[in-house]
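As the structure is a prediction and not an experimental result, all values here were calculated from the model.
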Amino acid sequence: SETCYRVLRGFEEPCPFCPNEATWAGEDGGAHTREEQNALTGRWHRCIARSLQWPDGRTVRYEMAIDITEAKQRGEQALLNQKMESIGLLAGGIAHDFNNILTGITGNVSLLVPGEPGSESAMLIAEVNKACARAKALSNQLLTFSQGGAPVRDVASLAELLQETVAFALRGSNVMA
């Protein structure tokens, strides 16, 4: 004596997607399939509605709901895995290209003559080498990520890192660090 929309959904009127009209009219061979998430339970169902002719001539409506929640979750997980794999491939490609650029920089820096220890040219070359070492470490982290490895965590002095970065960025400008 209860209606499906009230019992299953808590609605006061028929669901907007209800196939009753089309099912009774016999459209599409009388069978209608849809996938939906139940707002009350959060579960996903594939619903199949069909009109059937009883032997006594009456037309009845038959509806079956199949719980497809686990299949939906597996599909969503597979999609997430594919996205992560794509991101890993992209990270690996970037790391590879970045390493190639760094090799050119470090190779050319190694050809520079540093001058006297403590001289400005020696300090600049040392700073470039430090920056290249940090960039190489970042590139290795990207490669580790791209291969699915656990990230390497290392303790670093934030003050030292900031001091080196600011000094490198301001080198040659009129701004004092």
To the nearest 0.5 Å, how far apart are [atom1] in [X] and [atom2] in [Y]?
{"X": "Ile125", "Y": "Met123", "atom1": "CD1", "atom2": "CE", "value": "11.5 Å"}
{"X": "Arg74", "Y": "Thr69", "atom1": "CZ", "atom2": "OG1", "value": "10.5 Å"}
{"X": "Ile48", "Y": "His45", "atom1": "CD1", "atom2": "NE2", "value": "12.5 Å"}
{"X": "Asp67", "Y": "Thr41", "atom1": "CG", "atom2": "OG1", "value": "7.5 Å"}
{"X": "Ile87", "Y": "Ile94", "atom1": "CD1", "atom2": "CD1", "value": "10.5 Å"}
{"X": "Met84", "Y": "Leu89", "atom1": "CE", "atom2": "CG", "value": "11.5 Å"}

Discussion item. Let's go through Leu90 and Ser86 carefully: what are the C-alpha distance in whole Å and the side-chain angles of both, what is the deciding distance for side-chain contact (heavy atoms from CB on, under 4.5 Å) to 0.1 Å, and is it a yes or a no?
Written reply: CA-CA 6 Å; Leu90 177 64; Ser86 296; over 6 Å; no
If I compare all heavy atoms of [X] with all of [Y], which pair ends up nearest, and what's the gap?
{"X": "Ala135", "Y": "Phe98", "value": "O-CE2, 3.5 Å"}
{"X": "Ala95", "Y": "Ser139", "value": "O-OG, 3.3 Å"}
{"X": "Gly92", "Y": "Ser146", "value": "N-CB, 3.3 Å"}

Worksheet item: For Asn81 and Glu85, does a side-chain donor sit closer than 3.5 Å to a side-chain acceptor?
Response: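 No, because no side-chain N or O of Asn81 sits under 3.5 Å from a partner of the opposite role on Glu85.
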Item to complete: Indicate yes or no: at least one non-hydrogen side-chain atom of Ser110 is less than 4.5 angstrom from one of Thr106.
Response: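 In short, these two side chains do not touch, never coming nearer than 4.5 Å.
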Worksheet item: If we only count heavy atoms from C-beta on, is the Thr144 to Gln141 side-chain gap below 4.5 Å?
Response: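 Side chain of Thr144 against side chain of Gln141, heavy atoms only: no contact under 4.5 Å found.
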Discussion item. Between Ile105 and Ile101, is the side-chain contact (heavy atoms from CB on, under 4.5 Å) condition met? List the steps.
Written reply: CA-CA 6 Å; Ile105 293 170; Ile101 293 167; 4.0 Å; yes
Worksheet item: Quick check: are there more than 12 heavy atoms from other residues, nucleotides or ligands sitting under 6.0 Å from CD of Gln163?
Response: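 No, CD of Gln163 has 12 or fewer neighbouring heavy atoms, counting only those of other groups under 6.0 Å.
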Worksheet item: Heavy-atom count around Arg46 CZ within 6.0 Å, excluding the residue itself: above 12?
Response: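 No, the 6.0 Å shell around CZ holds no more than 12 heavy atoms from other groups.
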Discussion item. Would Asn99 and Leu143 count as a side-chain contact (heavy atoms from CB on, under 4.5 Å) here? Give the steps.
Written reply: CA-CA 10 Å; Asn99 270 336; Leu143 283 171; 3.7 Å; yes
Worksheet item: Taking NZ, NE, NH1 and NH2 as the nitrogens, is one of them in Glu63 or Arg50 under 4.0 Å from a carboxylate oxygen of the other?
Response: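 No, Glu63 and Arg50 are not salt-bridged.
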Item to complete: State whether Glu70 and Arg43 are salt-bridged, where the test is any N-O pair (Lys NZ or Arg NE/NH1/NH2 against Asp/Glu carboxylate O) under 4.0 Å.
Response: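 Judged by the 4.0 Å cut-off on N to carboxylate O distance, Glu70 and Arg43 do form a salt bridge.
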Is there a path of hydrophobic side-chain contacts, each under 4.5 Å between heavy atoms of I/L/V/M/F/W/Y residues, joining [Y] to [X]?
{"X": "Trp54", "Y": "Tyr62", "value": "yes"}
{"X": "Leu112", "Y": "Val128", "value": "yes"}
{"X": "Ile66", "Y": "Trp44", "value": "yes"}

Fill in: Qualifying salt bridge (charged side-chain N to carboxylate O under 4.0 Å, His left out) pairs with a residue from residues 101-129, counting only residues at least two apart or across chains
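Listed once each, the pairs are Glu127-Arg171.
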Discussion item. Set out, in order, the CA-CA distance, both residues' side-chain angles and the distance that settles side-chain contact (heavy atoms from CB on, under 4.5 Å) for Met64 and Cys47, then state yes or no.
Written reply: CA-CA 6 Å; Met64 175 175 58; Cys47 301; over 6 Å; no
